[in-house]
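As C-alpha cells, the structure follows; a few thoughts come after it.
Only heavy atoms go into these numbers, but all of them, side chains included; no hydrogens, no water, no symmetry mates.
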Amino acid sequence: MYAYLDHEDRLVVVDGDKNLLRIGHHRDGSTWRLTVDESTPLASALPDRGGRRRTLPGLDHEVWIAASDGTVGTVAEDGTVRTIALGEAVQNSISTVEGRTAVVTEHALYVLSARADGTPEVRWRAPYATGPGRKPGQLSWGSGATPTFFGPRQGTE
C-alpha cells in the first residue's frame with residue numbers, strides 16, 4: 001500500500017505475502033517490462049495478519065518498515081531484518097530523515113533510530129490524547145496524519 005522509488009528507480013513495496021519487493025523496469029528490445037529484481041521474505045518479522053505495511057528509505061539504502069500491529073523494523077541490503085514491537089497500532093505512513101524515523105501510533109508519536117546492527121530503538125515517545133472515539137472521516141483512532149520532519153536549518157529537525 002505504501003511504497004517508494006529507491007536509488008536505482010525501483011519500486012520498493014511489501015506484497016500481500018509479506019515479501020519486500022524491489023521492482024525494476026527494463027527494456028527488452030522495444031518493449032518495457034517490469035520485473036521483481038529482488039525479493040526479501042518478511043513473514044517471520046511481520047506477525048500481523050492482513051494489515052497494511054509501509055516502507056520508506058533509510059540511510060545506506062536500508063528500508064524502514066512499519067506494520068499495522070505496531071511492528072517497526074529495518075531491512076538491510078543483504079536482507080537482514082531487525083524489528084521492534086511498539087505495542088500500539090500504526091495506521092499511517094512513516095517518515096525518515098538521516099538517522100531517524102518517525103512513527104505515529106494510535107496513542108503516541110515515536111522517533112526511532114537504528115543501532116549499529118540495524119535494530120530499531122526508541123529515541124523518544126510523546127503520547128497524545130486520542131479522544132473518546134474515531135474522528136469522522138478517519139479510518140482509525142489516533143492522529144490520522146503521517147508524521148513530518150521540518151525545522152529552521154535543514155528541514156529535518
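Closest approach of Thr74 to Ala114, counting heavy atoms only: CG2-CB, 4.4 Å. The two residues Val72 and Leu86 make their nearest non-hydrogen contact at CG2-CD1, 3.6 Å. When all heavy atoms are compared, the tightest approach of Ser113 to Gly99 is CB-O, 3.2 Å. Nearest approach of Ala67 to Val90, heavy atoms of both residues: O-CB, 3.6 Å. For the pair Ala66 and Ile94, the tightest heavy-atom approach, listed with the atom from each and the gap, is CB-CG2, 3.7 Å. Between Pro120 and Gly73, the shortest heavy-atom distance links the atoms CG-CA, 3.7 Å.
The side chain to side chain contact (heavy atoms under 4.5 Å, CB included) test applied to Asp17 returns Asp15, Asn19, not counting sequence neighbours. By the side chain to side chain contact (heavy atoms under 4.5 Å, CB included) test, Asp78 is found to be paired with Ala76, Thr80, residues two or more places apart in sequence or in another chain being considered. Scanning for salt bridge (Lys or Arg N to Asp or Glu O under 4.0 Å) contacts around Glu106 gives an empty result, with sequence neighbours left out. For Arg123, there are no salt bridge (Lys or Arg N to Asp or Glu O under 4.0 Å) partners at least two apart in sequence or on another chain. Scanning for side-chain hydrogen bond (donor to acceptor under 3.5 Å, both in side chains) contacts around Asp6 gives Arg10, with sequence neighbours left out.
Between Arg100 and Phe149 there is a side-chain heavy-atom pair separated by less than 4.5 Å. For the pair His25 and Asp9, the minimum side-chain heavy-atom distance is below 4.5 Å.
Salt bridge present: Glu88 and Arg125 bring a charged side-chain N and a carboxylate O closer than 4.0 Å. Salt bridge absent: Asp37 and Arg22 never bring a charged side-chain N and a carboxylate O closer than 4.0 Å.
For Arg115 (side chain) and Asp117 (main-chain N/O), no donor-acceptor pair under 3.5 Å exists by modelled atom type.
Test Leu20, Thr40, Val14 against Val63 for side-chain contact (heavy atoms from CB on, under 4.5 Å) and you get one pass: Leu20.
Going from atom OG1 of Thr83 over to atom CG of Leu46 covers 7.5 Å, rounded to the nearest 0.5 Å. Taking CG from Asp69 and OG1 from Thr105, the interatomic distance works out to 12.0 Å, rounded to the nearest 0.5 Å. Leu42 CG to Thr71 OG1: the interatomic distance, rounded to the nearest 0.5 Å, is 11.0 Å. Atom CH2 of Trp64 and atom CG of Leu112 lie 5.5 Å apart (nearest 0.5 Å). Interatomic distance, Lys18 NZ to Ile65 CD1, rounded to the nearest 0.5 Å: 10.5 Å.
In the hydrophobic clustering, where aliphatic and aromatic side chains (Ile, Leu, Val, Met, Phe, Trp, Tyr) are joined below 4.5 Å either directly or transitively, Trp124 groups with Val104, Leu109, Val111, Tyr128.
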(Q) Evaluate Ser95 against Thr101 for side-chain contact (heavy atoms from CB on, under 4.5 Å), listing each step before the verdict. (A) CA-CA 6 Å; Ser95 293; Thr101 296; over 6 Å; no
